[in-house]
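See structure below.
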Amino acid sequence: MNVVVANDISELGRLSGQLTQFWAAHRLPPEMEGEVCLALEEIVVNIMRYGHPEGGKHEILVRLSFEGGLVTVAVEDDGVPFNPLQATEPDLNRPLEERSIGGLGIHLVRNLMDGVDYRREEGRNCLVMRKRVPGRA
């Protein structure tokens with residue numbers, strides 16, 4: 001399933017609805033949907049906030065697939081190059097007031113998903129997240 005959303009926060013509800021439809025169509029475990037939805041929203045919100053400092057309307061492509069027991073969520077955008085996997089891990093042991101701003105969303109994505117890959121291809125950021133569904137090989 002392919003979903004195209006504008007870089008506008010109001011699109012998050014529609015994107016979440018599309019993920020719910022995908023989840024139901026593949027009869028995936030409901031308890032896993034929230035984790036994937038949260039990871040997807042973290043990535044898409046980061047693109048919306050930071051991907052186009054110059055502003056303007058842009059599209060974000062989300063591809064959802066389920067094969068071989070693996071949910072794959074691919075997110076593509078034409079924003080500024082950004083590899084979230086190179087972001088520094090936040091120091092969760094430091095007091096909140098001493099921590100740097102940002103980085104918690106990427107940390108969350110890394111911990112919610114079973115695999116995350118990034119590449120820059122033809123002027124586009126391509127992030128692929130994977131989540132294994134137990135018992136569904």
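In what follows, every heavy atom counts, from backbone to side chain, and hydrogens, waters and symmetry copies are set aside.
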Any idea which heavy atoms bring [X] and [Y] closest together, and the distance?
X	Y	value
Glu76	Cys126	CG-SG, 3.9 Å
Ala6	Glu11	N-OE2, 3.0 Å
Pro84	Leu127	CG-CD1, 3.7 Å

Please step through side-chain contact (heavy atoms from CB on, under 4.5 Å) for the pair Val36 and Met113, ending with a clear verdict. CA-CA 7 Å; Val36 174; Met113 303 303 285; 4.3 Å; yes
Same apolar cluster: [X] and [Y], side chain cutoff 4.5 Å:
X	Y	result
Val80	Val44	no
Val5	Val45	yes
Val62	Val116	yes
Leu12	Trp23	yes

Worked verdict on Glu121 versus Arg124 for salt bridge (Lys or Arg N to Asp or Glu O under 4.0 Å): CA-CA 5 Å; Glu121 192 171 272; Arg124 297 181 66 77; over 6 Å; no
Looking at residues at least two apart in the chain, or sitting in another chain, which of them share a side chain to side chain donor-acceptor pair (under 3.5 Å) with [X]?
X	answer
Glu31	none
Arg132	none
Asp114	none
Asn125	Asp77, Tyr118, Arg120

CD of Glu122: more than 12 outside heavy atoms within 6.0 angstrom? no
Please say whether more than 12 non-hydrogen atoms of neighbouring residues, nucleotides or ligands are located less than 6.0 Å from CZ in Arg49. no
[Y] side chain reached by [X] side chain, heavy atoms, under 4.5 Å:
X	Y	value
Glu41	Leu15	no
Val128	Arg63	no
Met48	Ile60	yes
Leu19	Met1	no
Ile106	Asn46	yes
Ile47	Asn7	no

Would you compute the distance between atom [atom1] of [X] and atom [atom2] of [Y] and round it to the nearest 0.5 angstrom?
X	Y	atom1	atom2	result
Met32	Lys131	CE	NZ	5.0 Å
Leu112	Leu40	CG	CG	11.5 Å
Leu28	Thr20	CG	OG1	11.0 Å
Met129	Glu35	CE	CD	12.5 Å

Please step through side-chain contact (heavy atoms from CB on, under 4.5 Å) for the pair Glu59 and Asp78, ending with a clear verdict. CA-CA 8 Å; Glu59 292 181 339; Asp78 64 347; over 6 Å; no
Fellow cluster residues of Val4, listed by chain then number, with links counted only when side-chain atoms sit under 4.5 Å apart: Leu61
Pair Glu67, Thr72 - check side-chain contact (heavy atoms from CB on, under 4.5 Å), show working. CA-CA 8 Å; Glu67 188 175 329; Thr72 302; over 6 Å; no
Between Asp8 and Lys57, does any NZ, NE, NH1 or NH2 come within less than 4.0 Å of an OD or OE carboxylate oxygen? no
His26: which residues meet the ring pair (Phe, Tyr, Trp, His ring centres under 6.0 Å) condition with it, sequence neighbours left out? Phe22, Phe66
